[in-house]
Q: 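Got a structure for you, questions after.
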Amino acid sequence: LAYDVEFNSDIFFRDVPDGVSAMAVGTLEGRRYPSVIVGGNCAIQGFDVDGEEVYWSVTGDNVSALAFCDVDGDGHSELIVGSDDFEIKIYQNE
């Protein structure tokens, strides 16, 4: 559920079958507006402001951390994912 506290109203509701253990907001490569990225049981999903799925990928284990950072200095943020199997992955241009 994405909720607007200023207007006391729902923005959108989406079922996330893999659960949510981490969340980040940032702009994916090729997207004009920020998306909310959620990570759960071995999967990452991204949603736009209307609640439409704009991104999906798998990970090796349960997602424990998400962040956006310009790792390679190209002016575009990459998605950094940490998981319970002690791996840190960088998703670039996806």
Q: Keeping S21 on the side-chain end and V63 on the backbone end, is there a donor-acceptor pair under 3.5 Å?
A: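 A pair under 3.5 Å: yes.
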Q: How would you list all residue pairs meeting side-chain hydrogen bond (donor to acceptor under 3.5 Å, both in side chains) that involve residues 43-52, not counting sequence neighbours?
A: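 Listed once each, the pairs are Q45-E53.
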Q: Of the non-hydrogen atoms in D18 and A43, which two are nearest, and what is the gap between them?
A: OD2-CB, 3.1 Å
Q: Under 4.5 Å between side-chain heavy atoms, counting indirect links through other Ile/Leu/Val/Met/Phe/Trp/Tyr residues: same cluster for V81 and F68 or not?
A: yes
Q: For the OG1 atom of T59 and the CD1 atom of I44, what is their distance to the nearest 0.5 Å?
A: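 Reported to 0.5 Å precision, the distance equals 5.5 Å.
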Q: Over 60° means perpendicular and under 30° means parallel, so tell me whether F12 and F47 are parallel, tilted or perpendicular.
A: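 Tilted: the ring planes of F12 and F47 meet at 30° to 60°.
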Q: Can you tell me which residue pairs pass the salt bridge (Lys or Arg N to Asp or Glu O under 4.0 Å) test with a partner in residues 77-88, sequence neighbours excluded?
A: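 Listed by first then second residue: E87-K89.
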Q: Quick one: CE on M23 to CD1 on I37, what's the gap to the nearest 0.5 Å?
A: 11.0 Å
Q: Considering only residues two or more places apart or on different chains, which pairs with a residue in residues 2-17 satisfy side-chain hydrogen bond (donor to acceptor under 3.5 Å, both in side chains)?
A: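 side-chain hydrogen bond (donor to acceptor under 3.5 Å, both in side chains) check on residues 2-17 returns Y3-N8.
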Q: If Ile, Leu, Val, Met, Phe, Trp and Tyr residues are connected whenever their side-chain heavy atoms lie under 4.5 Å apart, and connections chain through other members, are V49 and V54 in the same group?
A: no
Q: Any chain of hydrophobic side-chain contacts (each under 4.5 Å) joining V16 to I11?
A: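 Yes, same cluster.
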Q: Heavy-atom distance under 4.5 Å between the side chains of V71 and I80, does that happen here?
A: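 V71 vs I80: side chains touch.
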Q: Specify the closest pair of heavy atoms between S35 and L28, including all atoms of both residues, with the distance to one decimal.
A: OG-CD1, 4.2 Å
Q: Following the transitive rule for hydrophobic clusters with a side-chain heavy-atom cut-off under 4.5 Å over Ile, Leu, Val, Met, Phe, Trp and Tyr, establish whether Y55 and V36 coincide in one cluster.
A: no
Q: Could you give me the CA-CA distance, side-chain angles and deciding distance for L79 and I90, then say whether side chain to side chain contact (heavy atoms under 4.5 Å, CB included) is met?
A: CA-CA 6 Å; L79 177 61; I90 299 172; over 6 Å; no
